[in-house]
Q: 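Dropping the structure in here first, questions after.
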Number of protein chains: 2
Amino acid sequence: MIRRGYRELMATDAVTPMGTVSFRLGLLGVAQDALYATRLAGLGLKPKHVALLCVLRLRGAESQMELAGLLGVAPSLVVLLADHLEERGAIQRVRDPADRRRQSLRLTETGLRLLASATEVAAQLDEELALSLPAAEQAALNAALDHLLGRAPDRISAPE
Amino acid sequence: MIRRGYRELMATDAVTPMGTVSFRLGLLGVAQDALYATRLAGLGLKPKHVALLCVLRLRGAESQMELAGLLGVAPSLVVLLADHLEERGAIQRVRDPADRRRQSLRLTETGLRLLASATEVAAQLDEELALSLPAAEQAALNAALDHLLGRAPDRISAPE
DNA sequence: CGCGGTCGTGCAGGATTTGAATGATTCGCC
DNA sequence: GGCGAATCATTCAAATCCTGCACGACCGCG
């Protein structure tokens, strides 16, 4: 091994996180989230609101606490998200009769329609994505995302 | 087509953005970014700092303005990022003699080492990712990310 | 030389999220 | 059956992050 000077370091293959999956996944994902947020503006929602609706639709939740765990956010944020969704008539807060500390969040028909609209927006993004991505790779990406998200509708947040 | 009541809607296949690539990509990416941020804490860096270093290493930039464009952030944020990196000795600000309004950001050897450490951290995340992802799918994910990021080291930010 | 435009910078403000404090309620345990 | 500890939802203040705007320095053209 020879001591390398700055010039020689520059000449070697670049050592950057751009070579890693995780870094680029983060880069792309953050951008995608931001893009989705702007497209969602017309519905008066943010991606987090949609995520909450998803959990409600796909598995339900006993309490806001559980919801917070599933979404990977603080319980106090769930309060804010639920406030907004309730104002829009997308959900209803119902005191759990069995445990009156808990609020059961119930998806309304309005909420179901809102979720369908949000899905529409995401589907539109998928189409745009498909323009720069061969079908085979899109399918592969799909499968990889399935694996990483655990394929259980439970986990919306990050694994680990 | 029959008018469906709430009950029947519940019984049909769920219509949610969880079926789309873009939504899950955003979900996962945001989580990955957050995870990388915490792992990066020891180095005193955030993912944005690393992204800036990446651009500098991979293609360089004539000005902070250009950097802002490549990173997809406001020029005033580049100032903050560069401030922090300069304090850590990772970069040097050099007035461009040809145009004294511009600052040339030069990567120092310290910056190179820091970037290598950040790469190390990302590589570690990749390994953890590989645990829940078959090798074939990881490769496919890699290829898809390449496509979506344009494979040019230019664009760090989101396409479009 | 002077004028419009560009660059970097400082700063105040908006948005987002968290953690601690509070009050209501429930549960374990005696 | 009752009391203390734990749990839930909520509020609030604070931290963080990022943007837009204003300002001063500087460029180039007429």
Side-chain angles (χ1 to χ4, degrees), chain A residues 26-27 30-31 33-38 40-41 44-52 56 60-87 91-106 156-158, chain B residues 26-27 29-31 33-38 40-41 44-52 55-56 60-87 91-106 156-158:
Chain A
L27 236 37
V30 168
D33 184 73
L35 184 57
Y36 188 46
T38 70
L40 227 39
L45 296 179
K46 310 259 168 83
K48 291 253 163 88
H49 296 126
V50 177
L52 196 158
L56 249 37
E62 296 293 317
S63 64
Q64 294 183 188
M65 272 298 191
E66 187 184 8
L67 224 28
L70 292 170
L71 294 171
V73 301
S76 52
L77 180 56
V78 176
V79 174
L80 267 29
L81 295 173
D83 281 349
H84 188 239
L85 289 172
E86 197 175 25
E87 283 173 17
I91 63 171
Q92 272 181 323
R93 268 193 249 238
V94 186
R95 281 276 164 208
D96 183 346
D99 185 341
R100 311 225 339 271
R101 288 170 302 184
R102 297 183 170 184
Q103 301 268 32
S104 295
L105 301 191
R106 298 218 345 117
I156 290 287
S157 63
Chain B
L27 237 36
V30 167
D33 184 74
L35 185 56
Y36 188 46
T38 70
L40 227 37
L45 296 179
K46 307 260 168 82
K48 291 255 163 86
H49 296 126
V50 176
L52 197 157
V55 176
L56 248 35
E62 294 295 316
S63 64
Q64 294 185 190
M65 274 298 190
E66 187 184 6
L67 225 29
L70 293 169
L71 294 173
V73 301
S76 50
L77 179 56
V78 176
V79 174
L80 267 28
L81 295 173
D83 280 350
H84 188 239
L85 288 171
E86 197 176 24
E87 283 173 17
I91 63 170
Q92 271 180 322
R93 269 193 249 239
V94 185
R95 282 276 167 206
D96 183 346
D99 184 342
R100 310 228 340 271
R101 288 170 303 182
R102 297 184 168 182
Q103 303 266 34
S104 295
L105 301 190
R106 298 214 348 113
I156 292 286
S157 64

Q: Distance check, rounded to the nearest 0.5 Å: B:R106 atom CZ versus B:L56 atom CG?
A: 9.5 Å
Q: Can you name the atoms? Protein N/O to nucleotides 19-21 of chain C N/O, anything below 3.5 Å, with the distance.
A:
unit_1: C:dG19; atom_1: O6; unit_2: A:S76; atom_2: OG; d: 3.0

Q: Could you list, one pair per line, each protein nitrogen or oxygen that sits under 3.5 Å from a nitrogen or oxygen of nucleotides 25-29 of chain C, together with the distance?
A:
unit_1: C:dT25; atom_1: OP1; unit_2: A:R100; atom_2: NH2; d: 3.0
unit_1: C:dT26; atom_1: OP1; unit_2: A:R100; atom_2: N; d: 3.1
unit_1: C:dT26; atom_1: O4'; unit_2: A:R101; atom_2: NE; d: 3.4

Q: Please give the angle, rounded to 10 degrees, between the axes at the start and the end of the helix from C:dC1-D:dG30 to C:dC30-D:dG1, where five pairs define each axis.
A: 20°
Q: Is B:R102 near enough to C:dT9 that one of its side-chain N or O atoms lies under 4.0 angstrom from OP1 or OP2?
A: no
Q: Could you measure the distance from the CG atom of B:L105 to the CG atom of B:L85? Nearest 0.5 Å is fine.
A: 9.0 Å
Q: Do side-chain atoms of A:R95 reach the backbone of A:R101 as a donor and acceptor pair under 3.5 angstrom?
A: yes
Q: Give the minimum heavy-atom separation between B:L40 and B:P47, together with the two atoms involved.
A: CD2-N, 3.8 Å
Q: Could you state the CG-P distance from B:L85 to C:dT9, rounded to the nearest angstrom?
A: 13 Å
Q: If you compare all heavy atoms of A:D96 against all heavy atoms of A:S104, which two are closest, and at what distance to 0.1 Å?
A: CB-OG, 3.9 Å
Q: Nearest whole Å is fine: how far is C:dT16 C1' from A:L52 CG?
A: 16 Å
Q: When the distance from CD of A:Q103 to P of C:dA24 is rounded to whole Å, what number comes out?
A: 15 Å
Q: Select base, sugar-phosphate, or nothing to describe what B:L80 touches, counting heavy atoms under 4.0 Å on all strands.
A: nothing
Q: Return a table of donor-acceptor pairs under 3.5 angstrom between the side chains of residues 64-82 of chain A and protein atoms on other chains or two or more places apart.
A:
unit_1: A:Q64; atom_1: OE1; unit_2: A:R93; atom_2: NH1; d: 3.0
unit_1: A:E66; atom_1: OE1; unit_2: A:E62; atom_2: N; d: 2.6
unit_1: A:E66; atom_1: OE2; unit_2: A:R59; atom_2: NH1; d: 3.2

Q: Would you kindly give the NE2-to-P distance between A:H84 and C:dA15, to the nearest whole Å?
A: 12 Å
Q: To the closest 0.5 Å, what do you measure between NE2 (A:H84) and CD1 (A:I91)?
A: 11.0 Å
Q: Grab the CG-C1' distance between B:D83 and C:dG10 for me, whole Å please.
A: 10 Å
Q: Round to a whole Å and report the spacing from CZ of B:R95 to C1' of C:dG8.
A: 6 Å
Q: Take atom CG of B:L67 and atom P of C:dC7, then tell me their distance rounded to the nearest Å.
A: 13 Å
Q: Just the atom pairs and distances: protein N or O near nucleotides 12-14 of chain C's N or O, under 3.5 Å.
A:
none

Q: Give me the first and last nucleotide of DNA chain D, going 5' to 3', that has any atom under 4.0 Å from a heavy atom of chain B.
A: D:dC17 to D:dC27
